[in-house]
Amino acid sequence: MADPPAAHGDSSCSSGGGCGGGGGGGGSRKRPAEVGKYARYTPEQIAVLEKLYAECPKPSNARRLALIQDYPIFSNVDSRQIKVWFQNHRCREKQKNETTQLQTVNKRLTANNKLLMEENDRLQSQVSQLVYENVCMRQQLHHEPVAAALASCESRIATPRHSLVSANNSTGLLSIAEEAKGRFLTKATGTAVDWIQIPGMKPGPVSVGILGISGGCSGVGARASCLVSLEPKQIADILKDRPSWLRDCRKQEVFASFPAGNRGTIELIYIQICAPSTLAPARDFWTLRYSTSLEDGGVVVCERSTSGSGVGPNPPATLEFVRARMLPSGYLIRPCEGGGSIVRIVDHLDLEARSVPEVLQPLYESSQHVAEKMTVPALHHLREMAEGLSSEVTHAMAKQAAVLRSFRQQLSRDFNDAINGFHDDGWSLLTSDATENVMISINSTKELSSLGSSIDASSLPIRVLCVKTSILLHNIEPPLLIRFMRERRSDWADCSVDAYSAASLKTGSFALLGLSPTQFYGNQTIMPLGQTYQNEMLEIVQLEHRGVSQEEGVLFRNIRLLQICSGVDDSVVETCSELVFAPVNDMFPDEAPLISSGFRILRLDLRTSDRQDMLAQQRLDPASSLEEQATSGQTAGSTTSSDTSRSLLTIAFQFPFESHAQENVLTMAQQYIRNVVSSVHRIATAIVPPGLSPHAAPKLTPCSPETLTLAYWICHSYRVHLGAELLSPNCLAGGDPILKLLWHHPNAVVCCSLKLLPGFVFANQAGLNMLETSLLTLKGITLHKIFDDSGWKAVCAVIPKIMEQGFAFLPGGIIVSTMGHHVAYEQVVAWQVLRQDGALHCLAFAFINWSFL
């Protein structure tokens with residue numbers, strides 16, 4: 001017999017005392033023909049049915065019969081009618097859940113559609129403006145000078161400068177803040193900046209948001225729009241706390257706060273941003289931040305650098321920071337009709353690219369780098385916070401996400417701390433070897449009491465030694481190199497050096513390092529903990545210990561490393577790839593300090609025409625390439641192909657130790673970094689695509705044969721042209737090699753190529769100090785950049801004399817180092833450097849008695 005129609009039982013909410021077609025609760029049982037036609041339940045019956053439904057949404061026939069027997073109020077209800085009630089209830093609940101889900105999806109799609117429509121309107125306005133400007137330009141070409149038109153365009157986008165010295169009152173601050181707000185809003189919603197799509201990212205509801213980078217304007221900037229399921233006030237508070245989500249932010253201090261109109265607030269803020277490599281100083285900002293509410297319940301938070309002289313903290317005298325500028329930036333947060341808020345973020349900066357070596361300037365002029373390091377992390381942090389506050393997320397899940405976020409931040413911040421080595425964090429430079437571009441710093445203030453070692457670290461004077469260096473790589477794809485070093489740690493980790501250092505330390509002390517006197521580690525096991533934004537993976541790496549004796553197997557356990565690996569996706573062009581790790585103990589406490597070490601590769605430039613060929617070659621197995629090269633002895637460096645890309649690899653390793661073992665650990669660290677650098681060069685040579693060279697030129701170091709020969713030519717040519725010795729005869733009589741004496745010569749000796757704009761090819765230690773650079777970045781500096789106009793004219797005037805008689809003298813003057821500092825000198829001696837066959841090789845300059853002003 002077929003079940004009654006569902007509609008017949010869908011009257012449980014109706015009033016009435018009877019059931020079925022007969023009516024009253026005390027009536028007789030229905031006839032079979034009347035069963036299931038109509039059923040009206042009393043509130044008491046519905047309450048019992050709801051209780052049973054909560055326990056079992058789909059009861060069996062026996063369960064329904066038991067219900068009728070246990071509750072006399074169902075004496076006039078048939079089992080089939082109860083079955084229909086449960087069917088209808090399940091159907092209604094399913095429809096309700098589907099409706100709720102569809103409403104949520106519809107709200108999200110409506111908000112994203114609004115974002116896309118606004119973006120489309122902005123692009124249409126931009127197209128109209130460009131068409132209009134094109135027509136005006138064509139007319140001006142026939143009537144007005146082009147220079148006047150360009151000056152007019154510049155005047156429309158130039159940022160007016162104010163002096164906060166004359167704006168000490170709240171009215172003056174408010175006028176500056178309102179202007180900054182207006183300029184920010186034109187960037188967030190208008191066409192003040194030409195925003196272009198970031199490479200490798202597509203707009204739409206499934207992506208992180210609508211993301212764009214600036215093009216054709218001053219500074220570097222990024223803009224993003226997305227939907228976040230939080231209230232505007234909550235979002236504003238989260239984004240204002242920049243250190244909580246920006247890992248490169250070392251410090252943010254609010255120096256003053258003033259109330260403003262429209263329930264707004266004006267704040268004066270000092271910010272410090274860590275440098276990404278050892279070759280450049282960190283950046284700091286002195287900004288004015290203006291927060292105000294909108295009529296629709298939205299919030300505007302805009303920020304810009306102040307330009308008043310003598311206002312705010314000055315850059316430290318140690319030259320650790322360079323004062324950068326924040327152009328009008330901020331957050332526009334508006335409530336969404338379907339719930340949540342639409343957030344627009346604008347980051348627009350002037351990072352003072354002129355203050356870094358020329359090889360690094362493309363990175364500081366990259367809007368994509370700003371988007372990856374500032375804008376996208378802000379979006380993902382908002383998403384994480386929204387998910388953590390969602391009612392669908394349990395307390396345990398939210399706590400786990402917060403712990404993982406804390407570990408990511410600790411690893412990144414400690415690695416940035418190691419690379420920058422700030423003095424007020426306790427770091428002091430122990431030694432710096434410019435010949436190998438290696439710096440060693442020591443820190444005696446880090447708290448290591450909870451590292452989980454076998455001894456009480458708080459009872460011993462524990463210090464941390466950091467050894468770091470930077471390497472310029474050519475034709476190497478950063479994702480490929482990072483993946484290789486992550487998967488094959490044994491190809492670059494040097495256990496013999498670890499064993500040397502451990503022999504000088506006590507058992508409990510070098511347990512902090514994860515070392516042993518006979519440290520042999522076999523296979524590594526990688527256990528993922530979670531995946532975050534930008535293809536970043538947080539994982540635990542376990543290294544299996546292989547002792548040579550049973551006692552060692554008991555004494556020394558496996559090593560566990562907490563590790564972050566990011567930027568390893570070939571399909572997305574990213575400016576930064578990292579592999580950062582730190583040893584952790586078995587307990588894995590949340591409050592344990594992390595001593596981070598690792599590798600960071602910064603992509604400096606890339607010709608897109610060559611990228612597809614490089615990616616095709618990378619499909620080869622890099623491990624087999626490395627092993628094949630090791631057996632054949634071939635190097636890719638013999639090829640003579642032009643460069644297609646450049647990357648800067650920064651390496652930093654930290655070693656905790658007891659103070660009495662400093663000399664032994666220092667020796668170990670120096671040898672360790674040499675071996676790691678050697679392994680990196682070997683790996684880079686093996687995985688370079690066929691037909692390309694991993695190095696643009698032979699590595700020029702004071703230990704290479706090329707440098708030894710060049711030192712002999714410099715000294716011999718000086719003797720030939722000037723009839724005197726460049727080096728002291730007493731020093732030569734001591735038996736020291738010529739290169740060592742030239743390297744430590746007190747005067748700055750530099751060599752330049754024979755080009756229209758001569759570039760530096762060699763400098764001794766004094767020359768590198770004078771130019772404030774290293775052998776790594778020396779090649780990218782040209783002679784004319786260190787002289788002003790008058791100084792360069794003097795150099796050009798004496799070059800014909802040098803070419804005619806072989807040498808010349810220049811009077812004293814002033815040059816500018818690569819860091820922008822003025823250097824005075826008494827005299828310059830210039831001479832030709834001749835090869836053994838008498839041919840001209842380069843020009844040498846000796847700056848006599850130079851000093852910084």
Side-chain angles (χ1 to χ4, degrees), residues 158-190 192-193 219 221 223 230-246 249-273 283-315 321 323-335 341 343-350 374-375 378 382:
T159 302
R161 300 180 63 87
H162 295 275
S163 176
L164 277 181
V165 176
S166 60
N168 292 327
N169 55 65
S170 59
T171 305
L173 289 175
L174 183 59
S175 63
I176 298 174
E178 287 290 346
E179 183 193 355
K181 172 186 171 183
R183 297 191 62 80
F184 156 68
L185 291 177
T186 59
K187 298 177 184 179
T189 60
V193 174
R223 190 188 71 163
L230 292 174
E231 296 299 320
K233 183 64 168 58
Q234 291 177 295
I235 296 175
D237 293 339
I238 292 173
L239 293 176
K240 282 183 181 181
D241 186 15
R242 191 178 276 111
S244 67
W245 54 266
L246 182 57
C249 182
R250 176 175 178 257
K251 180 186 296 185
Q252 176 176 287
E253 295 184 51
V254 178
F255 275 79
S257 180
F258 308 95
N262 300 325
R263 295 169 296 172
T265 305
I266 297 175
E267 300 167 298
L268 300 180
I269 300 175
Y270 178 63
I271 307 169
Q272 292 180 353
I273 304 295
R283 266 37 184 175
D284 66 348
F285 299 84
W286 175 245
T287 65
L288 180 147
R289 184 169 67 190
Y290 178 40
S291 307
T292 184
S293 301
L294 301 176
E295 294 180 356
D296 60 356
V299 177
V300 175
V301 180
C302 60
E303 192 170 357
R304 55 153 287 179
S305 287
T306 63
S307 55
S309 59
V311 178
N314 294 319
F321 294 94
R323 179 62 51 84
R325 288 198 307 134
M326 181 181 294
L327 305 176
S329 307
Y331 320 112
L332 173 60
I333 312 165
R334 291 183 179 273
S341 305
V343 185
R344 290 180 175 85
I345 302 176
V346 173
D347 294 310
H348 198 184
L349 310 171
D350 181 0
M374 293 188 66
T375 315
L382 287 176

Can you see which heavy atom on V299 is nearest to which on V301, and at what distance?
CG1-CG2, 4.0 Å

When rounded to the nearest 0.5 angstrom, what distance separates CZ in F285 from OH in Y270?
10.5 Å

Nearest 0.5 Å, please: how far is CD1 in I269 from OG1 in T287?
4.5 Å

So which atom in A378 and which in I345 form the shortest heavy-atom distance, rounded to 0.1 Å?
CB-CD1, 4.0 Å

Backbone N/O of D347 and side chain of S329: donor-acceptor pair under 3.5 Å:
no

Should L268 and W286 count as side-chain neighbours, where that means a heavy-atom distance under 4.5 Å?
yes

Whether E303 and R242 form a salt bridge (side-chain N of Lys/Arg under 4.0 Å from carboxylate O of Asp/Glu) is what I want to check.
yes

Got L349 and M374 here, is their nearest side-chain heavy-atom distance under 4.5 Å?
yes

When you compare the side chain of R334 with that of L332, does any pair of heavy atoms fall below 4.5 Å?
yes

Between the CD1 atom in I235 and the OG atom in S341, the distance rounded to the nearest 0.5 Å is 4.0 Å

Could you check whether any side-chain heavy atom of F321 comes within less than 4.5 Å of a side-chain heavy atom of Q272, counting everything from C-beta outward?
yes

Of all the heavy-atom pairs spanning L288 and A177, show the shortest one and how long it is.
CD2-CB, 4.0 Å

Heavy atoms, side chains only, cut-off 4.5 Å: are I266 and I176 in contact?
no

Are K240 and S291 close enough that a side-chain donor and a side-chain acceptor fall under 3.5 Å?
yes

Looking at CZ of F258 and CD of E267, how far apart are the two atoms once the value is rounded to the nearest 0.5 Å?
10.5 Å

Scanning both residues in full, the closest heavy-atom pair of P335 with D296 reads CG-O, 3.1 Å

Contact check, side chains of L382 and L239, non-hydrogen atoms, under 4.5 Å
yes

Write down the atom of A324, the atom of R283, and the distance for their closest heavy-atom approach.
CB-CG, 3.7 Å

Within the 3.5 Å criterion, strictly below it, is a donor on E178 or Y290 matched to an acceptor on the partner's side chain?
yes

Out of curiosity, S305 OG to M326 CE, how far, rounded to the nearest 0.5 Å?
6.0 Å

Tell me, do V193 and V346 make a side-chain contact under 4.5 Å, heavy atoms counted?
no

Can you give me the closest heavy-atom contact between A180 and C302, atom names plus distance?
C-SG, 4.2 Å

Got V300 and K181 here, is their nearest side-chain heavy-atom distance under 4.5 Å?
yes

Hey, does the side chain of S244 reach the backbone of D241 with a donor-acceptor pair shorter than 3.5 angstrom?
yes

Would you please name every residue forming a salt bridge (Lys or Arg N to Asp or Glu O under 4.0 Å) with E253, sequence neighbours left out?
K251

